[in-house]
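Written out below as structure tokens is the structure these notes cover.
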Amino acid sequence: MRPADLMLRKQDGLPIAMLTAWDALSAWVVAEAGADAVLVGDSLAMTVLGHGTTLPVTLDEMVHHCQASGRGLEAWRLEQLRQGLHRPVPLLICDLPFLSYQCGADEALAAAGRVLKEAPAAGVKLEGAEPETLAVIDRMVRIGIPVLGHLGLTPQSVHQLGYRRQARDPVAQERLRRQAERLEAAGCFGLVLEHVPTELARALSLDLRIPVIGIGAGDGCDGQVRVTADLLGLTSRQPPFSPPLLDGRGLAVDALRGWISAQRPARPATRPAAPAAPHC
Ligand code: KIV
């Protein structure tokens, strides 16, 4: 899959499924499940690295996780070929982490370049649509770096916005609508809309040419994205708008507990008596 293919999916009315991955294992599973696109999201700072927010994850760490995810997709692709299958390899996109693209266009370009050169990502995702961010996106797109936008709940702004639903009143909705239009005009190939009212997301999906991929944005979007660790019930802090499909933690703990008990066969309740000490 290429970024432009997501637009074709929208034109053909085919819903897009995007899932996150953080290493070779998760990328393989997500590809095998049939995702159109794999996002190495900076949510891995929380789900995988144990941070309280997405802010601490570094560009080096994102590149590292994206490289591993790329290897997982390559392993999956080779397995498909061996089986004579020709399923499309999901599009790999990597989040640019906090402060890797907000400190000037040159630094932002270098950060995106690392993700495309050192890891096999075919695009980057950036949060927000402030004038500086739009200028950065414009430059990236002009030199051939595909960019996915992200509006609504933008976790890199958690200290300003919190994790609550965004664009709740008409003024904020109008502002978000204008930002979305600017992202499209700047050349983004798609837009992630997180935790915004269903009707707003539905209207934007109808009005924009680029695909709108929602999370906590209702069922009227062109596609959906989820944090895979949330869907699998592996995380301790589950967002309210992304319920788990299974109790992954519980299943894993039960299976491992069973294995551990099997390594410790029940011992007799009392120790056998020690042999009597020889009399000298
Ligand atoms: O970081 C991430 O996983 C994301 C998704 C929630 C879209 O941005």
Side-chain angles (χ1 to χ4, degrees), residues 3 5-20 30 33-39 41-43 46-47 53-54 90-91 93 95 125-130 133-134 147-158 160-186 188-233 235 237-246:
D5 292 327
L6 296 191
M7 181 90 89
L8 296 179
R9 301 286 301 242
K10 171 165 181 150
Q11 284 164 8
D12 293 343
L14 295 171
I16 296 160
M18 180 184 286
L19 286 168
T20 67
V30 158
D36 302 303
V38 171
L39 172 68
D42 62 358
S43 58
M46 301 168 78
T47 55
T53 69
T54 60
L91 172 69
I93 302 158
D95 265 353
K125 177 163 78 58
L126 274 66
E127 294 184 6
E130 296 313 313
T133 312
L134 287 167
V147 180
L148 179 63
H150 184 158
L151 293 175
L153 197 175
T154 45
Q156 292 179 11
S157 311
V158 59
Q160 246 173 3
L161 305 179
Y163 289 119
R164 44 180 193 278
R165 186 185 291 266
Q166 299 297 307
R168 283 163 297 163
D169 60 76
V171 174
Q173 289 179 6
E174 191 44 39
R175 181 166 176 270
L176 191 140
R177 170 180 282 280
R178 279 199 305 273
Q179 289 183 326
E181 287 165 357
R182 285 183 193 134
L183 287 175
E184 177 170 277
C188 283
F189 68 84
L191 172 65
V192 167
L193 261 191
E194 182 165 354
H195 210 13
V196 299
T198 301
E199 281 320 312
L200 175 64
R202 189 190 305 280
L204 281 173
S205 304
L206 287 173
D207 294 348
L208 295 177
R209 279 178 298 108
I210 56 174
V212 173
I213 304 170
I215 171 165
D219 56 6
C221 300
D222 303 305
Q224 297 289 329
V225 54
R226 292 292 183 275
V227 174
T228 302
D230 289 338
L231 281 190
L232 296 181
T235 51
R237 281 166 299 185
Q238 201 77 33
F241 49 82
S242 182
L245 300 172
L246 58 110

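Computation of the quantities below employed the complete heavy-atom set of this structure, encompassing side-chain atoms and omitting hydrogens, waters and symmetry-equivalent molecules. Predicted model only: the values in this text are computed from it and were never measured.
Side-chain contact between Thr53 and Gln156: absent, with no pair of heavy atoms (C-beta onward) separated by less than 4.5 Å. Side-chain contact between Asp5 and Leu91 is absent, with no heavy-atom pair separated by less than 4.5 Å. Taking the side chain as every heavy atom from C-beta outward, Ile210 and Phe189 never approach each other to under 4.5 Å. Between Leu232 and Leu246 the shortest side-chain heavy-atom distance falls below 4.5 Å. Using a 4.5 Å heavy-atom cutoff, the side chains of Leu153 and Arg165 are not in contact.
Scanning for ring pair (Phe, Tyr, Trp, His ring centres under 6.0 Å) contacts around Phe241 gives His195, with sequence neighbours left out.
Side chain of Gln173 to backbone of Ala167: a donor-acceptor contact under 3.5 angstrom is found. Here the side chain of Glu194 pairs no donor or acceptor atom with the backbone of Gly216 at under 3.5 angstrom. Remark: the backbone N or O of Leu39 is not paired with any side-chain donor or acceptor of Thr20 at under 3.5 angstrom. At least one donor-acceptor pair closer than 3.5 Å links the side chain of Asp222 to the backbone N or O of Val212. Under the 3.5 Å distance criterion, the side-chain polar atoms of Gln160 are left unmatched by any main-chain donor or acceptor of Val158. Between the Lys10 side chain and the Ile16 main chain, no donor and acceptor come within less than 3.5 Å of each other.
Put simply, CG on Leu134 and CG on Leu126 are 10.0 Å apart, with the number rounded to the nearest 0.5 Å. To the nearest 0.5 Å, atoms CE (Met7) and CG (Leu208) are separated by 10.0 Å. Taking CD of Glu127 as the start and CG of Asp95 as the end, the distance is 6.5 Å to the nearest 0.5 Å. To the nearest 0.5 Å, atoms CE (Met18) and CG (Asp36) are separated by 8.5 Å. Taking CG of Leu151 as the reference point, atom CZ of Arg177 lies at 12.5 Å (rounded to 0.5 Å).
Between Arg175 and Glu130 there is a salt bridge, since a side-chain N of the basic residue sits under 4.0 Å from a carboxylate O of the acidic one. A salt bridge links Asp219 to Arg202: one of the charged nitrogens lies within less than 4.0 Å of a carboxylate oxygen.
Across all their heavy atoms, Lys125 and Ile93 have their closest contact at N-CG2, 4.1 Å. Nearest heavy atom pair, residue Ser242 against residue Asp230, reads OG-CB, 3.8 Å. Considering all non-hydrogen atoms of both residues, Gln224 and Gly214 come closest at OE1-O, 3.0 Å. Closest heavy-atom contact between Ala180 and Leu204: CB-CD2, 4.1 Å. Across Pro244 and Gly233, no two heavy atoms sit closer than the pair CB-CA, 3.7 Å. Between Pro243 and Leu231 the shortest heavy-atom distance is O-CD2, 3.9 Å.
In summary, of the residues considered (Leu19, Thr47, Thr235), a side-chain contact (heavy atoms from CB on, under 4.5 Å) with Val227 occurs for Thr47 alone. Of the residues Ile213, Leu193, Val192, the one that meets the side-chain contact (heavy atoms from CB on, under 4.5 Å) test with His150 is Val192.
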